[in-house]
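To start, the structure itself, in structure tokens.
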2 protein chains.
Amino acid sequence: MSTHDDLRDIALNEFAVAGYSGTSLQRIAEIAGLSKSSVLYHYDSKEALLEAAIGPAIDQMKSIVDSIGGSLLDADRRGVFIEQFVDFLLQHRLEVHMFINQGPGLEDVPVIDRANDLVVHLSTFFSSAVSNTEDHLRFGIALGGAAYVLSAKQEYSLEAPPVDEVRAALVTIVSELLAPLSTTPSARSTAN
Amino acid sequence: MSTHDDLRDIALNEFAVAGYSGTSLQRIAEIAGLSKSSVLYHYDSKEALLEAAIGPAIDQMKSIVDSIGGSLLDADRRGVFIEQFVDFLLQHRLEVHMFINQGPGLEDVPVIDRANDLVVHLSTFFSSAVSNTEDHLRFGIALGGAAYVLSAKQEYSLEAPPVDEVRAALVTIVSELLAPLSTTPSARSTAN
DNA sequence: ACGGTAACTGACCGATCGGTCAGAGCCTGT
DNA sequence: ACAGGCTCTGACCGATCGGTCAGTTACCGT
């Protein structure tokens, strides 16, 4: 792997663990075994390093969100989305962890704005598909919880179950949580 | 409210939104309408401000975790815990949001260590009560997702449903996710 | 009227921040 | 042999960081 890519990976990991503002270029340089100047040779600025670290993941997530035409009420199409989403989480835990936690605090950073737009966009899909508070929360818990559990597991990691097993379990649980979306609105009461 | 308490509240809010390292004493002082020196008059250090901001919430969470004797398999006792937990989340969204997101990155800070010990402790309870990967994840999604959704709602906030409704919905969803804990182990298969 | 104390401040400190710049080392094509 | 480009570096910059300190207010009990 090239030095360029090494720096991107190191930066992503540090940003996710210690936060963007909590990570100095000096520290990234030390981990890479380089000087701070070398880091700024490969990337014009700290912000460029952030863009390189999480930009690709955001682009991929955008294409997933765009591909759902808006009809998440259809169980089959929802199933496809859930699998894509879970796979995305598994491949990009660090990126997701980082922009979920620090997104709101890093305004005026273009790559973060793109990510926040995505969250709002996705949230709008579900908001329009559902009317009561409980199902709203169900959606938030499913997506936020799945994202959280993957990043938390590796930090408090007690054991590491096989990836396939985690994937299958996540698909099952998220599907359960999102199942109410396909029932007719009148079949569920909005209160209690 | 006293200046002392004002500073604590301002610090908590800024720490949660911008991160601990992303928040300067200067900024806290500006929001409070004071000088940086005044902030350091009320609190000996930035770390003391962090302790004041999230310490009480952690103490309260500790008493909740301690009160569950370990028998979360009992449906009634689990119900009590879930209600206490949801109430705790509703009262301390900011504190939870902050230590969940930044806990792992803020080592060597006593108050954060206490919080991390709590998470490990709580996680141990559930790990011992459950054997398969899916139920492990169910627990993580329930607690992490509930915590996430409350802090995220107010940042991307589109609307604000009444608190009682949110509370009832959260109790319902978390109870559903944790329900498998009370079934006999043989009643659930570990694979698929 | 006076002494004490709580609240607050500006000046200042060393360290570190992100970033600039001139140049050193090295490899390669000619 | 030499010229040109990568890669990398230390010295340096202004700004900001958390924190210290001497001193200024204002209020309060005596």
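Below, chain A is the first sequence line, B the second, and so on; all start at residue 1.
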For residues 98-107 of chain B, which residue pairs pass the side chain to side chain donor-acceptor pair (under 3.5 Å) check, not counting sequence neighbours? A:N101-B:N101, B:H97-B:N101
Under the side-chain hydrogen bond (donor to acceptor under 3.5 Å, both in side chains) test, which residues partner [X], sequence neighbours left out?
X: A:S24; value: none
X: B:D108; value: none
X: B:E95; value: B:H92
X: A:R167; value: A:E83, A:D87

Would you please name every residue forming a ring pair (Phe, Tyr, Trp, His ring centres under 6.0 Å) with B:H4, sequence neighbours left out? B:H42, B:Y43
Qualifying residues under ring pair (Phe, Tyr, Trp, His ring centres under 6.0 Å), relative to A:Y41, sequence neighbours excluded: none
Give every residue pair that meets the ring-ring contact (aromatic ring centres under 6.0 Å, His included) criterion with at least one member in residues 44-66 of chain A, sequence neighbours excluded. none
Using heavy atoms and a sub-4.0 Å distance, could you list which residues of residues 40-50 of chain B are near DNA chain C? By number, please. B:Y41, B:H42
Counting only heavy atoms and a strict 4.0 angstrom limit, can you tell me which residues of residues 19-36 of chain A come near DNA chain C? A:T23, A:S24, A:L25, A:Q26, A:K36
I'd like to check the side-chain contact (heavy atoms from CB on, under 4.5 Å) partners of B:A18; sequence neighbours left out, ordered by chain and number. B:T23
Distance, nearest 0.5 Å, that separates CG of B:L143 from CG of B:L177: 9.5 Å
Anything under 4.0 Å to a heavy atom of chain B counts; send over the first and last such nucleotide of DNA chain C, read 5' to 3'. C:dA6 to C:dA11
